[in-house]
Amino acid sequence: MEEIAKAYIPGEVENEISEKWEVAEIGKAAPKSKKNVFTMMMPPANVTGALHLGHAITLTIEDVLARYQRMRGKDVLWLPGTDHAGIATQNVVEKRLLEKGLSRDDLGREMFVTKVWEWKDKYHARISEQIKKMGASCDWSREAFTLDEDRSAAVTKAFVQLYRKKLIYRDKKLVNWCPRCKTVLSDIEVEHREEEGNLYFIRYFVSATDRSICVATTRPETMLGDTAVAVNPNDPRYRDFVGKELILPIVNREISVIADERVDPKFGTGAVKITPAHDPLDAEIGRDHKLPSIVVIGPHGKMTKHAGRRFVGMPLNEARKAVVKYLDDIGNLEKIEKHTHSVGHCSRCDATIEPLESMQWFVKMKPLAAKALSLVKKKKLEFVPARFEKEFVRWLDEIRDWCVSRQLWWGHQLPVWYCKKVPEFADKRIRKKEGCQRIIVSEKPPKKCPSCKNLNITQDPDVLDTWFSSGLWPFATLGWPKSTKDFRTFYPNTVLETGYDILFFWVARMVMLGAEFTGKSPFETVYLHGLVRDERGRKMSKSLNNGIDPLEMIEKYGTDALRLSLVVGSTPGTDLKFSETKVTGQRNFVNKLWNASRYVFGVLGKNPTIAANPTPRGLPDRWILSKLNRLILETNAAFTKYSFGEAAGKIQDFVWNDFCDWYLEITKEAPNKKLLGHVLAQILRLAHPFIPFATEKLWENFFPKAKKPKLLALEKFPRPVKSRISERVEEEMKVVTAIITSIRSVRNELNVEPARKIAAIVYVGKFESFIKKQAGEIKKLARLSSLVVKKSGKKVENAVAKFEAGLEIYLPLSKLLDPKVEKKRLNADLKEAQNYLAVVEKKLANDDFTARAPKNVVEAERAKLASVQEKITKIEERIKVLG
RNA sequence: GGGUGUUUAGCUCAGUUGGUUAGAGCGUCUCGUUUACACCGAGAAGGUCGGGGGUUCGACUCCCUCAACACCCACCA
C-alpha cells in the first residue's frame, strides 16, 4: 500500500483529483430517460471579475446537491454558464479605458464591443477555472453564455414573440435615469436610501394679486419645469385657489392651481408644485389633468434649454443652488427646513437616479405575473424556505411594467428597426413618397420597410436589460426555441438554487418568462441561500475592504475546508457570518478525517475490502453500526429537507465523536477489520458531497492494486439498514462510556497523572453482564491497572467514590485520598443531585401533572426520581463514612 | 408607511410535532499516557434561552405584546 501522508495537503491532492473527475466526465449528463433526471442550472456568473464568496456558497451548495443526487442514482444535469452582465461589464471596461484617458465614444460602438469581448474571453476563462477549483461537478459540455449564438437567438425570438402578443411596447414615460451610466434602469435596479436633505418652501403668487400659495419641495431646481400647483380638493385652506392662475417665479409663466385627491394636505404646506417631466407622482397627475410636460433636466444630469438661459448647461447640484439663491433674492423663498427622505441610487454605480421622461421599451407585466402566480397557487413551484413564497407573491401582485431597453452597447441589441422619414426607395418610381416611420420588429434584419419599401431603415441602438436574457436561462440553455432532445429531456428543471437577493431580478423573471414561453414553471423547487457576511454581520464590499477572497482560503486551507465552512452551521435563506477561523476549523476536521482513515487503512493492510454487511462482534461493533445507520437515516432526511448544514454537521459529529473518539479508541486492541472498512467506506460516501477531494483521494486506498480505481463520486449514497439501529445497544454503550468518563473526570479532579494506572471497582447492578464483557476496553480507556465489575458489593473503604445512575465507582487511592478534598467533591456532587431532585419532586408533587400528563412521561419522571434518590443516598452514606 | 427575518454560553450556531439536569464548535482554564491525528487527546468552568404577559399539568418550543438589530417593498412633494 502506498504511504498515506501524515497530514492532508490539499494542494497536492486537488489538481490530481480534479483531473480524474474530468477524464471520467462525472458531470456529463447522458440520461436514458426523462424519468430519472435531476436538472439544475448554475446561475450564470458575471464575466466582470473573479470568484467571490457569493459564488463559492452557490457552487458549494449546488455541487453538494448534484453529487448527492448523482450518488442516489439520478441522471444529473448541472449546467454551467456565464452572464454577459450588461451594465456591470460595460462599466468595468469603460473604467479600464478611462485609465488610458479614453471614453467609449472615442472607440466607437464596434471597437468598444470588440474590447468587451476580449475582456469577456479573459474573465470567462478565469472564472471557469475557479469554478473547477471549487470542485463543481457540472457538465462543461453544455456550457452556455447569455450572449452566445444560441442564447441570442432565444432572446430575439422571445422579444419578437412578446411584441406580437402585445406584451412588449414602446412608450414615453418617466423612467429611472442614471446620469453616470447614461442609461435607463428598471425600477428594481434603483436602491432607495434615506438621506438628509432640505425641504424648500417657495411662494407662488396668484396672477395680478398679492395672494399667494406656498409650496414645499425637496428639488427646487425642478420648479423651472412646473406646469401646475396641486392641492387636495377637500383642503379648506386652498378651496378658493383652485382654478386660479399663479405666476411661476423666475420663469414668469402662468400655471394653474388644480385639485387632486392624491395630494396629502398634511404634508408640507398641503400644496404641491407639479413637474410632470421629473417626478413620478407629478407625471401621473399631469397625465390625468392633461398638463404639459417641460423637460428641464437632460440625460447627462445638466439643465436643458427649457430651464432658461440663466441655467442651461448647469449641472444639477449647481442649478439647485442657483435657483435657490435666485428665489431668495427675489423674495420668494419662504424658508428651508431639514428633511430626510428616500433617494434612489443606481445599484451599479451608486449615482443619484433622476426621474426622466423618455421613450423606452417596456414589457407588460400583469399578464405574465398572473401566469406565475397561478403556478404558485397550483403548487407547481415550491420555495425553500417557504417564507419566500409570500415575498414572491407580494412582488408579483404589485408588479409594474418592466423597462427593458438600455442605452448601452454591450448586450443584445433590440431586434427593432425604424423606417426613416427621409426615404431611400427600393422602387425608383415612387421616389416622392416619404418613409412611413413604421416600427419593424423582426427576428431577421429586414432589408427594407415592409410597408413602404423604404431602404432607409435603422436598427434601434439600444440593448436589452441583462435580466431579460437570464430570464430565459432555464430553457435557453437547453436549446429553446428549438425543440431539442435536451429541452425535451431536462425541462422543466428540478431545482433552482440561488441567493435570495436576486429573487425578483432573476427568479421571478424566469418563472414569468418560463410560464409564457413553455407553459410550465421552469423549475419545481426554488432553494434560496443567504448572503455571506463578514464576522460582524456586514455585507462584504470593496469599500469596506472586509472581503475575504475564497481563492486565498483555498490556497491556505483547501477547497474542502472552504466548502464546509460555507455549509456547516448555515440554514436555508439565512445569512451566514463568515470568518477565517471557520475555515481553519474545517481544515482541522478534514485532517481529522484524513488521519482516521489513515489509521483504518493501516489496520486493513494490503488487501482492504469493503464489506457490504459485516458481522458485529461485540457491543462497540453493534453500537457503531447503530449510530452509523441512524446517521444515514438522518442525513438522507436532512437532504430531502435541503438542510445541508444539518446533514454535514451530523456527519462531522459522528466522525469526530462516535467514530474517532470512541469507536476507534475502544477497538484498537482487537479491531474488526471488515466492520472498520465498512464504516469508513460509508463515512466517505456520506461525506463525499461535502468534502469531495479528500474523500475521493482516501477512497483510492481501498484499491491499492487497481490501475484505475472506481471513483467515489460514482458510488452509491448509503441507505440506512434500519434493523441495525438499536436503542438498547446505544443505551448499553452509554453506560460503558459513562463509567470511563466518570473515572477520567475523577482522575482529573484529583490530579492523577495519566501515566499512573489505578485500580477501580464498579458495582453496576443490572448492567453487569455486558459491562463485564467490556472490562478490557474500560481498563484501557480509563487507564486502569485492574477493574473489578460486580452487580453490587460492600462499600469500599479508603477509596474515592463516584455515583451515577445505577452505578457505584470506587477508586482505591488510599495514598491520595484526602478526606477533606473527597468530602468537598462529594458535597458538590450531592448538591447537584439535590437540585435535580428538587426539580423532579416539584413536577411529581403537582397532582395535575400526574393526572393529565401522558403515563409514560409520568413514569419517566418517577424513574428519574428513584435513580436520583438512590444516588443521593449513596453519596450521603459516603460522606458519613468520611466523618 | 407596510412586510419579513434574527435575538439561546465571551464568539459562531444546533435545538424535530411543547415533557433533556438546554447542546456543539471556537475561545478560556487544568492536564498530557496512547506511533491515525498537537490541524490531537482527556477533563473543567461558562446560559434566569431579548423583556413582559398569556395558553397548558408542563413553554427555548405555541399565542399576544414590547424592545434591539438586520433586510425587503413603497410615486413621504
Under the side-chain hydrogen bond (donor to acceptor under 3.5 Å, both in side chains) rule, what do A:S867 and A:E870 come out as? Steps first, then yes or no, please.
CA-CA 5 Å; A:S867 96; A:E870 186 202 328; over 6 Å; no
Take A:F654 and A:I624 through the side-chain contact (heavy atoms from CB on, under 4.5 Å) test and state the conclusion after the steps.
CA-CA 9 Å; A:F654 173 83; A:I624 200 69; 3.8 Å; yes
Go through it in stages, so that I can follow the logic: the residues are A:Y500 and A:D575, the test is side-chain hydrogen bond (donor to acceptor under 3.5 Å, both in side chains), and I'd like the CA-CA distance, side-chain angles, deciding distance and then a yes or no.
CA-CA 10 Å; A:Y500 67 73; A:D575 292 351; 2.7 Å; yes
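Look at CD on A:E391: it is 9 Å from P on B:C72, rounded to the nearest Å. Protein atom NZ of A:K577 is 13 Å distant from nucleotide atom P of B:U6, rounded to whole Å. Across the protein-nucleic acid pair, A:I399 atom CD1 and B:A74 atom P stand 11 Å apart, rounded to whole Å. B:A38 atom P lies 7 Å from atom CG of A:N595, rounded to whole Å. Regarding A:R193, its CZ atom lies at a distance of 17 Å from the C1' atom of B:C73, rounded to whole Å. As rounded to whole Å, 16 Å separates atom P of B:U6 from atom CG of A:L531. A:F589 has its CZ atom 14 Å from the C1' atom of B:A36, to the nearest Å. When rounded to the nearest whole Å, the span between NZ of A:K843 and P of B:G18 equals 16 Å.
For A:K864, the listed nucleotide lying nearest its side chain is B:U21; candidates were B:U21, B:C37, B:G19. Among the nucleotides B:G41, B:C37, B:C76, the one closest to any side-chain atom of A:S342 is B:C76. In the set B:A77, B:G19, B:G43, the nucleotide with an atom closest to the side chain of A:P854 is B:G19. The side chain of A:E832 lies closest to B:U21 when the candidates are B:A77, B:U21, B:G5. Here the nucleotide nearest the side chain of A:D661, chosen from B:A77, B:C73, B:G41, is B:G41. Closest to the A:D653 side chain, of the nucleotides B:A24, B:A77, B:C40, is B:A24. Among the nucleotides B:C39, B:A77, B:U20, the one closest to the side chain of A:A7 is B:C39. With distances taken from any side-chain atom of A:A853 to the nucleotides B:C39, B:G19, B:A77, the minimum falls on B:G19. Out of B:C37, B:C39, B:A77, the shortest distance to the side chain of A:R598 is found at B:C37. Between B:C39, B:G41, B:C75, one nucleotide has an atom nearer to the side chain of A:R400 than all others, and that is B:C75.
In summary, A:K802 and A:D829 engage in a salt bridge, as defined by a charged side-chain N under 4.0 Å from a carboxylate O. Ion pair A:E859/A:R862 not flagged as a salt bridge, since none of the NZ, NE, NH1 or NH2 atoms sits closer than 4.0 Å to an Asp/Glu carboxylate oxygen. One finds a salt bridge joining A:E730 and A:R630 here, because a Lys/Arg side-chain nitrogen approaches an Asp/Glu carboxylate oxygen to under 4.0 Å. Salt-bridge formation is detected for the pair A:E337/A:K335: a Lys NZ or Arg NE/NH1/NH2 atom is positioned less than 4.0 Å from an Asp or Glu carboxylate oxygen. A salt bridge links A:R219 with A:E354: the distance from a Lys NZ or Arg NE/NH1/NH2 to an Asp or Glu carboxylate oxygen falls below 4.0 Å. Classification of A:K173 and A:E357 as a salt-bridged pair fails, no side-chain N sitting under 4.0 Å from a carboxylate O.
Ring centroid separation for the pair A:F690 and A:F639 comes in under the 6.0 Å cut-off.
Nucleic acid contact for A:S570: none, since no nucleic acid atom lies under 4.0 Å from a heavy atom of the residue. Looking at heavy-atom distances under 4.0 Å, A:D282 makes no contact with the nucleic acid at all. Among the atoms of the strands shown, only primed sugar atoms or phosphate atoms (P, OP1, OP2) are found under 4.0 Å from some heavy atom of A:F504. At the heavy-atom level, A:G569 lies under 4.0 Å from the strands shown only through sugar-phosphate atoms. Using a 4.0 Å heavy-atom criterion, one finds that A:W594 contacts no nucleic acid atom at all. Residue contacts for A:K757: at a heavy-atom cut-off of 4.0 Å it reaches no nucleic acid atom on any strand shown. Counting non-hydrogen atoms under 4.0 angstrom, A:V272 reaches a base of the nucleic acid. Contacts of A:T574 with the nucleic acid, taken as non-hydrogen atoms under 4.0 Å apart, are absent. A:V215 comes within 4.0 angstrom of nothing in the nucleic acid, heavy atoms only. Contacts of A:T581 with the nucleic acid, taken as non-hydrogen atoms under 4.0 Å apart, are absent. Nucleic acid contact class of A:P355 (heavy atoms, under 4.0 Å, all strands): none.
In terms of the side-chain contact (heavy atoms from CB on, under 4.5 Å) criterion, residue partners of A:H341 (sequence neighbours excluded) are, by chain and number, A:T218, A:H339, A:V343.
Residue A:K592 places no side-chain atom within donor-acceptor reach of the base of B:C39, judged by atom type and a 3.5 Å distance cut-off alone. In this model, a side-chain donor or acceptor of A:E194 finds a partner on the base of B:C76 within 3.5 Å. Taking only distance into account, the side chain of A:R587 meets the base of B:C39 through a donor-acceptor pair shorter than 3.5 Å.
Going from the P atom of B:C62 to that of B:U4 covers 16 Å, rounded to whole Å. Between B:U34 and B:G41, the distance separating the two C1' atoms is 9 Å to the nearest Å. For the C1' atoms, the distance from B:C26 to B:A9 is 12 Å, rounded to whole Å. Taking atom P in both B:A74 and B:A68, one finds a spacing of 25 Å when rounded to whole Å. Nucleotides B:G3 and B:C40, compared at atom P, are 49 Å apart to the nearest Å.
Of the N and O atoms on the side chains of A:D226 and A:Y204, at least one donor lies less than 3.5 Å from an acceptor on the other residue.
When each of A:P280 and A:V857 is assigned the nucleotide of RNA chain B bearing its nearest heavy atom, the one mapping closer to the 5' terminus is A:V857. Two residues, A:D264 and A:S745, neighbour RNA chain B, and the one matched to the more 5' nucleotide by heavy-atom proximity is A:S745.
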Is there any protein nitrogen or oxygen under 3.5 Å from a nitrogen or oxygen in nucleotides 31-34 of chain B, and what are the pairs?
{"residue": "B:U33", "atom": "O2'", "partner": "A:R783", "partner atom": "NH2", "Å": "3.3"}
{"residue": "B:U33", "atom": "O2", "partner": "A:R783", "partner atom": "NE", "Å": "2.9"}
{"residue": "B:U33", "atom": "O2", "partner": "A:R783", "partner atom": "NH1", "Å": "3.0"}

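Considering only side-chain N and O atoms, A:W656 lies nowhere under 4.0 angstrom from the phosphate OP1 or OP2 of B:A24. Contact annotation: A:N588 side-chain N/O to B:C40 OP1/OP2 distance is under 4.0 Å. OP1 or OP2 of B:A77 sits under 4.0 Å from a side-chain N or O of A:H341.
Among the candidates A:L750, A:V821, A:I809, the single residue satisfying the side chain to side chain contact (heavy atoms under 4.5 Å, CB included) test with A:V800 is A:L750.
Paired regions of RNA chain B, where each region holds three or more successive Watson-Crick or G-U pairs whose two hydrogen-bonding distances fall under 3.5 Å, are B:1-7 with B:67-73, B:10-13 with B:23-26, B:28-32 with B:40-44, B:50-54 with B:62-66.
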